[in-house]
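Predicted model, so just to flag it, every value in this text is computed and none were measured. Here is the naming used below: chain letters follow the sequence lines, and residue numbers restart at 1 for every chain.
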Amino acid sequence: MPPRLRTSNFPSAVTCPSIRPTSVSQPAQKAREFSQSSCRQVTLRRRNFYAWLNGPGRALKQPIPNSTNYLGAYDKYGNLVRASPGWQVRQKEAQKNATSDVGSEATGTDGDAAPVVGQEADEPDMAARRLEEEAQAAGKKDEDDRLPPETTEDLRPFPLNRFFRSQAVLSEELREAIYQYMVDPVESRSVPGTSSYFGVSNERVGAVLRLKQMEKEWIAQGKTLAIPYSKAVLAMLPTTPHVGDGPNKRPMIHEPINDLIVHPATRQQLFVPVAESRQFTRVDAGKAFDNDLLPADERIPHPEMVNVERDMVNGYGAEERLERAKERMMTRLTAKAEKEDAQKKAEKEALTRVPKRRWDFVVQDISVESVGRNGRDHRGVGWRYGLPHQDRKKGQVKIPTSVEA
Amino acid sequence: MRKKPRFHSLKKLRVRQDWSRWSLYSISQLKTQNVATRTYFQQKWTAKSMTRAYHGEQIREKKWKRQFKRNLPAVVPMDHKYLARFDGSEQAAGRGAGVDVQSQQSRPFMTPYMQMTYYPIERRLDTAIFRALFASSVRQARQFCVHGLVKVNGKKMPFPGYMLNPGDLFQVEPSSVMFATGAPKSRSSTARKVAKEKASARAEEREKAPKLPPSTGPESLTTREEPTPTELKKHMQALIENVEDVLNEDVGAKDKQKFRALRQQIKKSVGLWKTASPESVSTLDKQFEFLRSAVDAKNDPAPSPRDASEGTSMISVEDQQKLKRAFEKLKLETEHTSAWNKRNAAAPYATPWRPRDYMTAFAFIPRYLEVNQNICAAVYLRHPVARPGLAEVPTPFHVETGQLAFNWYLRRR
């Protein structure tokens, strides 16, 4: 049997061009004849996709130096909204110039320099003045080239979501400053004090300290840090800079530090009739919502700031205020320590110790009732007869819920 | 069996949690729903399917449904000065006696609760790794967990579904982070061909370029003859080329600024090449040499400052010191940078390291994380919250879409 002739191997003169589909202008793919998928048709969707990528989306491919580069900063034609009109054109030109040869530029400057040289003979100081002028012009041009700082609009990675924006992170210097402030060998600093000084929340201060310590350990151990990554990422993000030490210099506020958590009890709307003569304060309002709900002054992370401010309003001097703040802090600390001690003591008393020669017997009171109604409560102790363990069953989660630090 | 639908399809645009160009395109093409012609159920269904394609698409629907919570967390920023001055009774004072509020006070922003529907998912370890910019997609972050590259509080955590608790510190292997976020290594045959061509072009340039500066530069220094202006100009052009070569290599942003300043200076002097003296050119040359040595030679940092002090003896002492200080700072930085960012064929990413394409459009770190990029570690500070005018769960969708999705999971349909 003679080998079959494949249609694609025919010369083009054999197949009639009018029969061929005109839309698919694709050379015959001999290597991929086994493939069932349609060959790369350039569909409208794909064309639009690439048109967008090479048009408006092109600016997002590479970072802008010293600036963020989010989708929200561009209009739908791919123009950077906050930049001066000719900025993008100039950027493109600058890129082109950087790649193209320098010779053409030099010839351009030759033409500019020629008249200067002619006048230089009779007026020697003229050249210097011109130099200065040129420098000024260059400076002005630099200002034009520089981008204005981002507005909140420009920090939107998702243009449709008006309620999300890229918020500033701590800069490398500020992290170092916080660390140095906390580990100051001369004066011991508290976390709330550092937090209110730098305008950084309590938790973040602790985290910065922990992470910085870890970093220093790594450096001491000679581990490789991801410095190129770190630099690139911090250049892409908005950062809170560190304002250096000095008179009249306060650190820039990074985030609101007195955030009040919305308590579920306050989500409802209440109508509480109150006598006109009564002073209905925040404390009363808290009680109206929930009997145990404290007023906002005590539920915020920095109640001590409110107290200091109150002293100021009441007309205490600076020294007195400091004294009172210290006193309050001491009472708070002692109260906390006492409470902890009492708890420990209570725990200890719950156990009965029977001393023996080598070991002590420790007896703990257990309630049978703690297994609950169906006998499956996790507080129940011991293996219950007839109650199978569930942990081999399908769908039982064995992922740990917490990891000890 | 039915073919699995494409993860990134142009037919059905879906925003996914990754840094791909398809996601970027889908974000740019997102629109609010047409509410006029569709039933409420249809709207909710579409909203749910769109948001679920982004938020935790690796989680099964049943599992997510059990995680869904209808109570959404929020905070209100308080002013301690206001709290100290007023006890709250002034808001209602005299209202019963007919006192009316005179001026409408500026109303606070709306708290976007409806953008917080998917906040339990942000607690997952894999999502947190993605949000901390340690992985280029959630699926990759998940793979990092499964492969044992992630530690939580110093212990290996192989479960991507681990729910982080406030205060948990998680860290990812830095080399994996650099692989995930760096530009990929080009391995295709065409890429290899292009690289070869480029290398040959560079070699040609190198053959051409160094001929000029050593021939003219040392001559002008040693013989101290008045070089012809045309010669000087050529020399400076060669300098600029050298600087541009340096700029084309990957160096830190700050160094680039320095180089740019230097280049500006040189360009200016090229413009005024007739007035340029051999001295000024030599100092520029030295400046550049110093910069170059600071950038290039890392193994032996000691001789470079000595060279500079010898070479720049022509300029004044103050300038010299200023230069030295600037350069020392520069050196310290570059030492660090280039020590870790040199060419390395063994690395699984393109070296010298640079961020991958389109990373900038997705680069943001939400406030509930505190990240230290140097050690690729982050702390989960608290659960994400909504505050007036701002929701901390990053979601690309409109509030109405979020609301519809929330309503879907309330199960009143």
Chain A contact via B/Phe159 - side chain, backbone, both or neither, heavy atoms under 4.5 Å: side chain
Plane angle bin for A/Tyr70 and B/Phe364 - parallel if under 30°, tilted between 30 and 60°, otherwise perpendicular: tilted
Derivation of the side-chain contact (heavy atoms from CB on, under 4.5 Å) call for A/Tyr50 and B/Arg21: CA-CA 10 Å; A/Tyr50 281 109; B/Arg21 49 203 172 136; 3.9 Å; yes
Interatomic distance, A/Arg45 atom CZ to B/Gln29 atom CD [nearest 0.5 angstrom]: 12.5 Å
From A/Tyr229 atom OH to B/Tyr349 atom OH, the distance as rounded to the nearest 0.5 Å: 12.5 Å
Donor-acceptor contact below 3.5 Å, side chain A/Thr401 vs main chain B/Met163: no
Exercise: do B/Asn374 and A/Ser230 side chains pair donor with acceptor under 3.5 Å: yes
Stepwise side-chain contact (heavy atoms from CB on, under 4.5 Å) check, A/Gln62 with B/Arg354: CA-CA 10 Å; A/Gln62 301 293 337; B/Arg354 62 176 198 281; 5.8 Å; no
From B/Arg124 atom CZ to A/Ile399 atom CD1, the distance as rounded to the nearest 0.5 Å: 7.5 Å
Proximity breakdown for B/Gln115 and chain A, heavy-atom pairs closer than 4.5 Å: side chain
Heavy-atom contact with chain A under 4.5 Å, split by part of B/Asn165: side chain
Step-by-step side-chain contact (heavy atoms from CB on, under 4.5 Å) determination, A/Leu60 to B/Leu24: CA-CA 9 Å; A/Leu60 294 157; B/Leu24 191 61; 3.8 Å; yes
Check: B/Leu10 main-chain N/O paired with A/Arg46 side-chain donor or acceptor under 3.5 Å: no
Contacting moiety of A/Glu255, where chain B heavy atoms sit under 4.5 Å: both
Parallel, tilted or perpendicular, as decided by the 30° and 60° cut-offs, for the rings of B/Trp22 and A/Phe49: parallel
Nearest-0.5 Å distance that lies between atom CZ in A/Arg210 and atom CG in B/Asn153: 5.5 Å
Interatomic distance, B/Asp357 atom CG to A/Lys61 atom NZ [nearest 0.5 angstrom]: 4.5 Å
N/O donor-acceptor pair under 3.5 Å between B/Arg85 side chain and A/Arg310 backbone: no
B/Leu125, part contacting chain A, at a heavy-atom distance under 4.5 Å: neither
Portion of B/Lys81 that has a non-hydrogen atom of chain A nearer than 4.5 angstrom: both
Side chain, backbone, both or neither of B/Val15 within contact of chain A (heavy atoms, under 4.5 Å): neither
Which atoms of A/Ile300 approach chain B - backbone, side chain, both or neither, heavy atom under 4.5 Å: side chain
Which atoms of B/Ala378 approach chain A - backbone, side chain, both or neither, heavy atom under 4.5 Å: backbone
Heavy-atom contact with chain A under 4.5 Å, split by part of B/Val371: backbone
Toward chain A, the part of B/Lys31 with a non-hydrogen atom under 4.5 Å: backbone
Toward chain B: residues of residues 272-280 of chain A with heavy atoms under 4.5 Å: A/Glu276, A/Gln279, A/Phe280
Heavy-atom contact with chain A under 4.5 Å, split by part of B/Gln171: side chain
N/O donor-acceptor pair under 3.5 Å between A/Arg162 side chain and B/Val399 backbone: no
Contacting region of B/Pro73 [heavy-atom separation from chain A under 4.5 Å]: backbone
Interface moiety of B/Tyr113 toward chain A, non-hydrogen atoms closer than 4.5 Å: side chain
Separation between CH2 of B/Trp353 and NZ of A/Lys231, rounded to the nearest 0.5 Å: 12.0 Å
